[in-house]
There are 4 protein chains.
Amino acid sequence: MSGPTKAELRKERIIDTARRIFAEKGVHAATVSEIAQEAKVSEGTIYEHFSNKENLLFHIPEHFTQRRQRIGVYHLKLIQGAANKLRAYAYIYTELFHENPDYATIVLLYLKGNANFRQTPGYQAIRNWFRFLTEIINEGIESGEFRPNVDAYIVRALIMGAIDQVTVNWLMSGKSTNLMETVDPIVDAVMEGILNPEVDEDAHWSNWRRTKARLRNKTIPAKEKKEQAG
Amino acid sequence: MSGPTKAELRKERIIDTARRIFAEKGVHAATVSEIAQEAKVSEGTIYEHFSNKENLLFHIPEHFTQRRQRIGVYHLKLIQGAANKLRAYAYIYTELFHENPDYATIVLLYLKGNANFRQTPGYQAIRNWFRFLTEIINEGIESGEFRPNVDAYIVRALIMGAIDQVTVNWLMSGKSTNLMETVDPIVDAVMEGILNPEVDEDAHWSNWRRTKARLRNKTIPAKEKKEQAG
Amino acid sequence: MSGPTKAELRKERIIDTARRIFAEKGVHAATVSEIAQEAKVSEGTIYEHFSNKENLLFHIPEHFTQRRQRIGVYHLKLIQGAANKLRAYAYIYTELFHENPDYATIVLLYLKGNANFRQTPGYQAIRNWFRFLTEIINEGIESGEFRPNVDAYIVRALIMGAIDQVTVNWLMSGKSTNLMETVDPIVDAVMEGILNPEVDEDAHWSNWRRTKARLRNKTIPAKEKKEQAG
Amino acid sequence: MSGPTKAELRKERIIDTARRIFAEKGVHAATVSEIAQEAKVSEGTIYEHFSNKENLLFHIPEHFTQRRQRIGVYHLKLIQGAANKLRAYAYIYTELFHENPDYATIVLLYLKGNANFRQTPGYQAIRNWFRFLTEIINEGIESGEFRPNVDAYIVRALIMGAIDQVTVNWLMSGKSTNLMETVDPIVDAVMEGILNPEVDEDAHWSNWRRTKARLRNKTIPAKEKKEQAG
DNA sequence: TATGAATGAGCATTCATTCAT
DNA sequence: TATGAATGAATGCTCATTCAT
């Protein structure tokens, strides 16, 4: 019946303020005293809730992770087909950054490369969300929707790497570009690749063609015919 | 005839030491005094060459950028075909990280997200190298090797985003995985995409299919027949 | 009922210590750390009370200014006659230096010539005290006690300039002379001047005499007769 | 025949530059490196001529002292009458400040209160110039031009203290006032004093009158009659 | 004699963290 | 439990001075 306690609200206010100030001035330049002032608590109170400044930083994703868990995973399960799910995942992943640029700044610029963060429960939660993408990709492979020789880890790196990349550019450019519009092209490119199927494969010398052939010989014998025909 | 001057060697030694220590302990935790000590120069000498600690950080990529310019661009021009060039680019890009993990740490964890760095000549040099990939992709589109509806910015984000991603994972995992082995799979995936062409496109509902159709209608009318036939 | 708070006492102790050390070793040679140590506070506490070292320096006169305001001005108002007041002022002014040589050192050697200090409230307070002397002089002119052609600014410069001068000499000589004994002679000289009235004014050529005559013609016609008679 | 050597010119250029920069930014804020740069010599050269930064500071008055010695003393000896000489001295003293505000700044704000400077030959030269004023005053007492009970030290403090005072005010006000115009009023005031001889001495109670009487009883018995008559 | 790169001691200032109230 | 004054370790940076060339 009773909502969040006073202390919980206070804690959330601290995290919200920290997120904003960390993102605005950088984690190093931001001071605990400034966060306390803006959150309208004393510095001591911050240390009641967080063991130190870095610990406060590590708690910032918490709220967003929970939100994604509640909303994201639920909706994705309703979508049929791995391709559709993958696209939806990319949207949800990007949208969280788009709607919360301060969160994006902190995750992409401060937490991704922080070894200590990788030991926290906060990172485990994010990891679970990443694994969910792996599951989607594997589901697509199993269903035959995706090529059988697809490596889920690689595809995940492509999707998330590209989104991280364009998000950082978006953040650094003062959010002047349209982030959400890049989601579809990224997913499209990953879906279909960039090679032009209209072009005769033998038209030009290419170690790529040979690499591809080699890969297919190993993993997709069914395609051999077409390959030979090409 | 005379090689680098004493002062130049000294400066290089400072940068080399800074790179190592920044990467080892993090930029913030590293102290100028420690770098001076390990580089066997006085603290004052560091400030003779660099205006401040951050400026020293910003000079770290210089050497690598020059090296890449000399070697990378030269060799890439000898390779025929955009696909081959793109693969080679990915190799060179990854190899620099692989051979110089400290450099990778600094570029990926400290410089990519630093707004001040983006104002330096050091970033401009890196930018030129990025643009080179864009040129390769556009070359492939013009030659017909790549789909005409390919977006160079997106492909670049996919390639570099994925490599950055796997490199950070590699660094954070203590370099326990094999970084170079991920290059080919990444390039392969970008080349061919992940959709299984053996599967009937109408087998499942997919807004992706519709998106693809829309894109093709606009840009590759010649393919329509095949599309309709498939 | 409650006296000064703990924090106020602490602040006063910092100022007292700073005054002593600044005077002893010079403002530049004195270190904040030394002041902290001697005042038995941490360096951080100094910066809780003063924005920086110079700001601490600027707060040193505060206490003395207040004391003078309370005591000096009050007593001076009870004295009758501008000449008496002027003498008393000179005594009070000198006595403060005499009783507080460290304060004298700081005011005369460090603050008088500091442009930044002139922007502080501390200087305004001192200024008010200076103005009080101007008022005394003007009062003497109005009452006829002082010559009507007296320039208050000049007289103030004479009195205070002479006292500052002898005080600096006193300080630099290791306080070996008797500072207070110079007050009366200074005031006496300003009162009566140095010219010997017994000597015939025409006894020697003097552009001074002409200057004097010119001044009197302008402002004290009543004296002309005597002048001519003399 | 041969003028100053190259080295002498160099040394003078260093002193001139130091004077300007010390005055502009303050001795502490000025750096040896900046002085070297502006004087177009190397830092090392400065240390060829001066043992350290303070020593350079102490050499700044040299040139002016010599100039004053050459011009000042020579001209003063041509003037007849102590009063005239005293006025001339005040003019010369003030004019040097007026014509060379940087020199004034350094002497009044940095050297007057520097104990180390008092050990240098530079200070001895200035001291000689001060003594010259004492001699003038004593000459006036002996000739009967000045009151016999005049204290030369006090008069010197009055004249020079007042001029120093107004010069510092002039410097701190950005030289917006007219410094030279204050010389005559200062000398006039010292000559004649500020008491109004027209006013009946008994018209008001005054410990000053009593002080004066006491002083006269001691030293100028000749005046007793006039005093009693008054 | 002149140079100016190199030195390194020295210091003001900051700020995460603590703890008495 | 909350406060915020007090702490003091930690460090980037300066600059007078030196000395190899």
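For the numbers below, each heavy atom of this structure counts, side chains included, while hydrogens, waters and symmetry mates do not. Predicted model only: the values in this text are computed from it and were never measured. By convention in this document, chain letters (A, B, ...) are assigned in the order of the sequence lines, proteins followed by strands, and residues within each chain are numbered from 1.
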Student: Using a cut-off of strictly less than 4.0 Å, decide whether A:Thr45 has a side-chain nitrogen or oxygen near OP1 or OP2 of F:dT3.
Tutor: yes
Student: Pick base, sugar-phosphate or nothing for C:Thr31, based on heavy-atom distances below 4.0 Å to the nucleic acid.
Tutor: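 C:Thr31: backbone/sugar contact only, no base atoms under 4.0 Å.
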Student: How close or far is atom P of F:dT14 from atom CD1 of B:Ile46, stated in whole angstroms?
Tutor: 13 Å
Student: Using heavy atoms to find the nearest nucleotide of DNA chain E for C:Glu54 and A:Tyr47 separately, return the residue whose nucleotide is more 5′.
Tutor: C:Glu54
Student: Mind checking who F:dA10 pairs with, Watson-Crick or G-U wobble, both distances under 3.5 Å?
Tutor: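 Across all strands, the one nucleotide that pairs with F:dA10 is E:dT13.
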Student: If you pin A:Ser51 and D:Arg10 to their nearest nucleotides in DNA chain E, which one's is more 5'?
Tutor: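 On the 5' side of the pair lies D:Arg10.
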Student: Below 30° counts as parallel, above 60° as perpendicular, anything between as tilted: where do the rings of A:Tyr103 and A:Phe97 land?
Tutor: tilted
Student: Taking CD from B:Glu43 and P from E:dG8, how many angstroms apart are they, rounded to a whole number?
Tutor: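 To the nearest whole Å, that distance equals 10 Å.
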Student: B:Glu8 CD to E:dA5 P: how many Å, rounded?
Tutor: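 Value for this atom pair: 13 Å.
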Student: Return yes if some donor-acceptor pair links the side-chain N/O of B:Lys25 with the main-chain N/O of B:Thr31 below 3.5 Å, else return no.
Tutor: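 Side chain of B:Lys25 to backbone of B:Thr31: no pair is present.
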Student: Starting at CG of C:Leu56 and ending at C1' of E:dA12, how long is that distance when rounded to a whole Å?
Tutor: 12 Å
Student: Remember a base hit wins even if backbone is also touched, and classify B:His49 as base, sugar-phosphate or nothing at under 4.0 Å, heavy atoms.
Tutor: sugar-phosphate
Student: Salt bridge check: are A:Asp16 and A:Arg13 linked by an N-O gap of less than 4.0 Å?
Tutor: no
Student: Grab the NZ-C1' distance between B:Lys6 and F:dA20 for me, whole Å please.
Tutor: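 These atoms are roughly 8 Å apart.
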Student: Once you round it to whole Å, what is the distance between C1' of F:dT18 and CD of D:Glu48?
Tutor: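 So the two atoms are 11 Å apart, to the nearest Å.
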Student: Can you see if the side chain of A:Ser42 gets near the phosphate of F:dT3 - specifically, an N or O under 4.0 Å from OP1 or OP2?
Tutor: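 Yes, because at least one side-chain N or O of A:Ser42 sits under 4.0 Å from OP1 or OP2 of F:dT3.
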Student: Do you know the tightest heavy-atom contact between C:Ile46 and C:Val32?
Tutor: CD1-O, 3.8 Å
Student: Distance check needed: E:dT14 C1' versus C:Asn55 CG, whole Å only.
Tutor: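 C:Asn55 atom CG is separated from E:dT14 atom C1' by 16 Å.
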Student: Can you tell me how far P of E:dT13 sits from NZ of C:Lys53, to the nearest Å?
Tutor: 8 Å
Student: Please classify the nucleic acid contact of C:Ala30 as base, sugar-phosphate, or nothing, using heavy-atom distances under 4.0 Å.
Tutor: sugar-phosphate
Student: Checking ring pair (Phe, Tyr, Trp, His ring centres under 6.0 Å) against D:Phe58, which of D:Tyr110, D:Tyr123, D:Phe117 comes through?
Tutor: D:Phe117
Student: Could you tell me the Watson-Crick or G-U partner of F:dA2, where both distances fall under 3.5 Å? Say none if there is no partner.
Tutor: E:dT21
